[in-house]
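Below is one structure, written out as structure tokens; the observations come after it.
Counting from 1, the numbers follow the sequence of the chain as shown.
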Amino acid sequence: MVTVEIARLDGSLRQELAEAGETVIGLKRRLALQNGESTADFRLLLGDAVLRNEQLLAELQTDVNATPMLQLVYASTEAVPENIGHVSIRESAWKLAVPRLADELKQQGIEQGQLLWIDFHSGGHRAAGPAAVCTAYFSADLPSRGDLDLQHHLILVDDLQKGFAQVEQFVQGKEVISVTASSMEKSELAIGVFYYGGEVTPLRQLKFLSASGCAWELAASSCVISLNGLNLERGQVLGIDAHNHHPDMDAMFCAFYSLDLKGRGPLCVDWMGLNEDNEWSFFHETSCKASEGKDVLSLSGSSNCEGRSVHYTFFQASGDLAEYVEVERPSDQSWDAAADELLQKLHEAGVQKGQVLSIDAHTGDLISPAILLAVFKRNLPGRGPLSLSWQMRRGRDWNELYSWADQITAEKEVVATTGSSDCEGLMLMIFLEDDRPSPIIVNHVTAAGGGWNWAAEELLASLQRHGVQQGQLISLDAHNLSPTDPAMFSAQYSSSLPGYGPLRLQYRSFNLDMPWDMLHRQAAVRATSRNAVAVTGASNERGRRVLYVFYAV
């Protein structure tokens with residue numbers, strides 16, 4: 001027998017007796033089961049050396065024969081990869097692709113704990129005949145636990161929901177790397193479950209959240225926003241998989257999660273997507289490069305219509321997350337009351353001058369509640385107590401309202417100029433700070449029609465035509481005359497302000513039939529980017545709502 005003393009960083013000690021032939025992973029399994037955690041959550045150290053799963057405890061004891069027992073240190077483990085690589089195997093069937101993938105990973109020196117996700121996707125760039133593509137994403141930056149022991153379980157079904165029900169039963173107690181699905185010919189669907197052999201987790205019930213739609217971004221938005229609304233924590237989501245029943249059928253995403261797994265702070269998932277007619281190698285390489293330095297949940301692709309393919313990267317937003325406060329007032333109450341309540345909430349949150357990123361007014365339709373959203377970032381330099389005030393004007397023409405706002409903005413520092421339509425017409429509100437040292441000349445541009453993204457692109461083109469530079473944009477807002485009227489964006493700028501080179505803006509958007517509070521939460525996740533300059537939304541037709549986050553690039 002081997003006596004093992006395990007010291008935790010909190011100063012506590014624990015002794016375990018191990019059989020002479022027991023390995024490090026055997027001891028870790030016992031500790032994990034006793035503590036209700038995963039073997040992946042911690043490492044065992046001998047001095048400064050991290051022990052590998054396959055090492056024998058008895059052999060370790062002879063290396064430290066100056067002490068009567070094996071003294072180890074229990075340390076938690078968490079890392080974000082800087083460099084991400086991939087291995088991709090293409091075969092005529094999944095059962096042929098998977099073993100080749102495992103062999104290739106071992107040849108490249110990938111070890112236990114270094115896999116991020118393994119993904120099934122079929123076909124590809126003008127594929128001739130069926131092709132099962134199996135791709136593994138990994139990072140050698142992640143701590144190794146020993147020799148790779150990659151296990152898998154393949155399920156062939158004609159109904160995904162039935163297949164996922166089988167997955168729920170199979171994964172209990174396993175450390176799952178990924179659950180991935182893909183279609184092939186003859187309506188057959190393949191589901192692959194990949195997991196590490198030898199490891200254990202407290203996973204008892206795996207849950208899944210599915211979303212589908214006629215467009216990939218629509219389905220991805222629905223899936224992620226719903227997932228973020230479940231109040232899960234990091235570490236409880238295995239990943240999100242992209243798939244479909246056929247390239248010409250609806251886009252589908254499925255998120256897999258378990259409340260049994262250890263949480264590590266609030267879950268804030270965001271994503272990046274590609275949708276092109278290109279080789280799979282392009283998607284793999286581009287997504288790996290774009291994922292570097294991100295806390296990746298999964299990288300997943302699927303076939304698409306007209307010979308295209310899609311590839312999505314899902315990741316945890318990191319750093320100093322943007323925060324927000326929101327106010328909703330019934331339609332029979334005033335925007336005035338909503339503005340006063342919003343400023344009070346900002347004061348109660350301790351927000352300082354210079355930390356408010358954006359304030360936006362929007363509604364669901366002409367008779368729905370008045371909503372104000374303020375997004376702020378505490379990592380922005382504070383300039384003392386917040387001293388916001390507001391002014392509002394009603395009218396029937398956006399150009400006239402903005403001309404009024406331009407006159408006020410010429411004299412006052414402005415945090416936001418934002419408008420909305422309601423049953424009484426149009427409303428424009430300005431949130432103001434201090435007097436300017438001297439008046440400036442303020443202008444505005446408006447773009448309307450052709451759909452929301454078209455209007456956004458036209459606004460950015462108009463700002464470019466007017467020569468607006470970084471530092472000269474004052475406000476940017478989405479609005480319309482009514483939910484069924486054309487999309488509109490307006491922006492204020494001043495060439496009197498110092499310019500710092502050409503203004504280059506991009507945007508990410510949502511256009512969904514979802515409650516505003518869920519969209520607000522996701523917009524705050526998006527606004528975590530240090531270059532975000534505005535968050536703005538408006539009502540849309542058929543009960544949908546649009547919300548845009550604009551970035552400087």
Centroid separation Phe164 to Phe170 less than 6.0 Å: no
Ring pair (Phe, Tyr, Trp, His ring centres under 6.0 Å) contacts touching residues 97-120 (sequence neighbours left out): Trp94-Phe120, Phe120-Phe194
Test of ring centre spacing under 6.0 Å for Phe314 and Phe253: yes
Qualifying side chain to side chain donor-acceptor pair (under 3.5 Å) pairs, either residue in residues 161-172, two or more places apart: none
Ion pair check, Asp295 and Arg234, cut-off under 4.0 Å: yes
Polar side chain donor-acceptor pair, Ser309 to Asn304, under 3.5 angstrom: no
Glu91 with Arg100: basic N within carboxylate O range, under 4.0 Å: yes
Residue from Thr135, Val179, Leu101, Thr180 passing side chain to side chain contact (heavy atoms under 4.5 Å, CB included) with Ile118: Leu101
Over 12 non-hydrogen atoms of neighbours within 6.0 angstrom of CD in Glu292: yes
Mutual orientation of the aromatic rings belonging to His121 and His284 [parallel < 30°, tilted 30-60°, perpendicular > 60°]: tilted
Intermediate values then yes/no, side chain to side chain donor-acceptor pair (under 3.5 Å), Ser287 and His311: CA-CA 8 Å; Ser287 297; His311 199 279; 2.9 Å; yes
Salt bridge (Lys or Arg N to Asp or Glu O under 4.0 Å) between Glu323 and Arg521, intermediate numbers included: CA-CA 8 Å; Glu323 301 174 61; Arg521 177 188 171 108; over 6 Å; no
Gln522 and Asn228: side chain donor to acceptor below 3.5 Å: yes
Charged tip of Lys207 within 45° of Tyr257 ring normal and under 6.0 Å: no
Gln506, CD atom: more than 12 neighbouring heavy atoms under 6.0 Å: no
Ile240 vs Cys223, side chain to side chain contact (heavy atoms under 4.5 Å, CB included): CA-CA, chis, key distance, verdict: CA-CA 9 Å; Ile240 302 173; Cys223 183; 4.1 Å; yes
Glu199/Arg145 salt bridge by N-O under 4.0 Å criterion: yes
Positive for side-chain hydrogen bond (donor to acceptor under 3.5 Å, both in side chains) with Ser490, one of Thr446, Thr536, Thr417: Thr446
Salt bridge (Lys or Arg N to Asp or Glu O under 4.0 Å): pairs with one or both residues in residues 251-271, sequence neighbours excluded: Glu78-Arg264, Asp270-Arg526
